[in-house]
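Down below is the structure, laid out as structure tokens.
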Number of protein chains: 2
Amino acid sequence: MDFQDYVSVDCVIFGYDFERLKVLLLERVMLDQATHKVIFSDKILPGSHVLNNEPIEAAAKRVLVEFTGIEDIPLHQFKTFGDLDRLSRQERDILWLKNIHQDPSQRVLTVGFYSLVDANKYKLSVTKQQTHPEMFKRNPAWYDIETIPEEMAYDHKQILYEALSYLREGVKYNPLVFELLPEKFTLGLLQKIYETILNTTFDKRNFRRKLLKMPFIVPLEEKQQKVAHKPAQLYRFDWKLYQQVKRNNHDIML
Amino acid sequence: MDFQDYVSVDCVIFGYDFERLKVLLLERVMLDQATHKVIFSDKILPGSHVLNNEPIEAAAKRVLVEFTGIEDIPLHQFKTFGDLDRLSRQERDILWLKNIHQDPSQRVLTVGFYSLVDANKYKLSVTKQQTHPEMFKRNPAWYDIETIPEEMAYDHKQILYEALSYLREGVKYNPLVFELLPEKFTLGLLQKIYETILNTTFDKRNFRRKLLKMPFIVPLEEKQQKVAHKPAQLYRFDWKLYQQVKRNNHDIML
DNA sequence: GCAAAAGTGTTGCTATTACACCCATGC
DNA sequence: GCATGGGTGTAATAGCAACACTTTTGC
């Protein structure tokens, strides 16, 4: 037994599809070897063991590519989960682990990461070679945050909800939303994102006043085109300026 | 090799001695077996491997008792450190690990916890049986945060500084300071603590106004006694009320 | 009586809230 | 011409920052 048998990462990828807040989950399916009937199926976070010589964040990035096709996104470590029985609280988890020849009573610590991305930007796909023909993870898909599937692997529902509250806090003090926004964006879009994530609404005029006071949100000499309404001013987020401002004044953003 | 060989916890215990902010460190000493001369000595955070059947927070509490004598304090998980070479970047770390028959190139993930306590409340002492007679940890002691020792084990200096910034953020949004304060306290003391931790000063009148508006800081029918100045009103922190208020309104405290 | 910390109010400024209408565009 | 989201100002209120003197006690 080795380091990699005891440590894993799990990724909670939040996606905004310009309508709603979503989370990326895989389907975990176990088939009967003989009949090929489904024994069970539930949802699981993209995650995997950390290889012996792999930094933990690299492991998180690797599993994302392997199980979702998402590449090159910033990941935020939020919490480590180490309950003794976190892999063996549900019957189907035990069944699953036994079948991949892992002892369900063996302890695996998992480091949780979250991210916020544009849900429309990626074609989701599993590229990882699945080692057990009748047990596999498939169908990475976005699930609305308001209707999280009941049945999830291990302690993943707990991990998901904790990530959600880290996201909601994080978004208030860190420029997380600019990690998902296109280079050029309108204030209307920005407002919609904040409203969706925080599940609230803001007054348009007050919101704009507040954001326009931030020096790192800089107007471009460019407007929207071909929209069926008054074209909006485009802005960009200046990361360098943001870093400068942040050094002096810790609490910015909403 | 087992779970416990790959996962550890480290505790960054901040102490306030009613003057300055301190941090609790142990001395790590290695002696020459023959001459008993000191080969090296540096500082190390209280930490240890997590036992196979031990929850991670329990491990953190255990090592605190074993290496410092501090019992029953709230611990806050803040970050997990997993760099591949975090145990082998310094010559003396390699020497140390070889002598306790641990492979320096072996990877150990460590989960960091921090806490804030009254530095005067505890008699510090090491009770853990030290297994290698010429290599030991001793002398738990408070070190001023402004003069952190240069020489520290592994990546412990990094862990310490990251903990410090989590503390400084945490104290603004969570009632951490009330975990260290005596049951009955004065507003003057409260202000001094915030000023020390955040390394700033506040206007007395504005500070009091702000804190007295918080319903969970409740005045007692009692004043200081036998002080060589006007005796101050005593207050207590009502944790139940705090929980209630917090449910509605997420961002409180300073 | 003096040293030491407690306690207290006001003012100007800044930030926040609440609120309603016209504008430019594509179809 | 109508539907769509963009864009704008003001007034009332609440919160924040800056400021100095009196009080009570122990010694």
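Here is how names work: the chains are called A, B, and so on, in the same order as the sequence lines, proteins then strands, and each is numbered from 1.
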(request) Scan for side-chain hydrogen bond (donor to acceptor under 3.5 Å, both in side chains) pairs involving residues 187-200 of chain B, sequence neighbours excluded, and state none if there are none. (result) Gln191(B)-Glu195(B)
(request) Scan for side-chain hydrogen bond (donor to acceptor under 3.5 Å, both in side chains) pairs involving residues 69-80 of chain B, sequence neighbours excluded, and state none if there are none. (result) Thr80(A)-Thr80(B), His76(B)-Glu179(B), Lys79(B)-Glu162(B)
(request) Supply the atom-to-atom distance Ile193(A) CD1 to Leu21(A) CG, rounded to the nearest 0.5 angstrom. (result) 10.5 Å
Which atom pairs, donor and acceptor, lie under 3.5 Å between side-chain atoms of residues 227-247 of chain A and protein residues at least two apart or in another chain?
{"residue": "Gln233(A)", "atom": "NE2", "partner": "Leu220(A)", "partner atom": "O", "Å": "2.4"}
{"residue": "Asp238(A)", "atom": "OD1", "partner": "Lys240(A)", "partner atom": "N", "Å": "3.1"}
{"residue": "Asp238(A)", "atom": "OD1", "partner": "Leu241(A)", "partner atom": "N", "Å": "2.9"}

(request) Round to the nearest Å and state the distance from Leu254(A) atom CG to dT16(C) atom C1'. (result) 14 Å
Residues 8-16 of chain A side chain polar contacts: donor-acceptor under 3.5 Å, at least two apart:
{"residue": "Ser8(A)", "atom": "OG", "partner": "Thr110(A)", "partner atom": "OG1", "Å": "2.7"}
{"residue": "Asp10(A)", "atom": "OD2", "partner": "Thr110(A)", "partner atom": "OG1", "Å": "2.7"}

(request) Take the protein atom CZ of Arg208(B) and the nucleotide atom P of dA6(C), then report the distance between them rounded to whole Å. (result) 7 Å
(message) The criterion is side chain to side chain donor-acceptor pair (under 3.5 Å); which residues satisfy it with Asp17(B), sequence neighbours excluded?
(response) none
(message) I'd like to check the ring pair (Phe, Tyr, Trp, His ring centres under 6.0 Å) partners of Tyr154(A); sequence neighbours left out, ordered by chain and number.
(response) His156(A)
(request) Could you note down all residue pairs passing side-chain hydrogen bond (donor to acceptor under 3.5 Å, both in side chains) where residues 136-152 of chain B supplies at least one of them, sequence neighbours left out? (result) Arg20(B)-Asp144(B), Glu27(B)-Arg138(B), Glu27(B)-Asn139(B), Glu150(B)-Lys157(B)
(request) Write down the distance between CZ (Phe202(A)) and C1' (dT17(C)), rounded to a whole number of angstrom. (result) 13 Å
(request) Not counting sequence neighbours, which residues clear salt bridge (Lys or Arg N to Asp or Glu O under 4.0 Å) with Lys204(A)? List them please. (result) none
(request) Go through DNA chain D in 5' to 3' direction and return only the first and the last nucleotide with some atom under 4.0 Å of chain B's heavy atoms. (result) dC16(D) to dG26(D)
(message) I'd like to compare against my own output: the B/S/- annotation of nucleotides 18-27 of chain C with a strict under-4.0 Å heavy-atom distance to protein.
(response) BBB--BBBS-
(request) Rounded to the nearest angstrom, tell me the gap between atom CG in Leu190(B) and atom P in dA6(C). (result) 12 Å
(request) Mind checking ring pair (Phe, Tyr, Trp, His ring centres under 6.0 Å) for Phe202(A) and listing every partner two or more places apart, or none if nothing turns up? (result) Phe207(A)
Report, one pair per line, the protein and nucleotides 13-15 of chain C atoms (nitrogen or oxygen only) whose separation is under 3.5 Å.
none

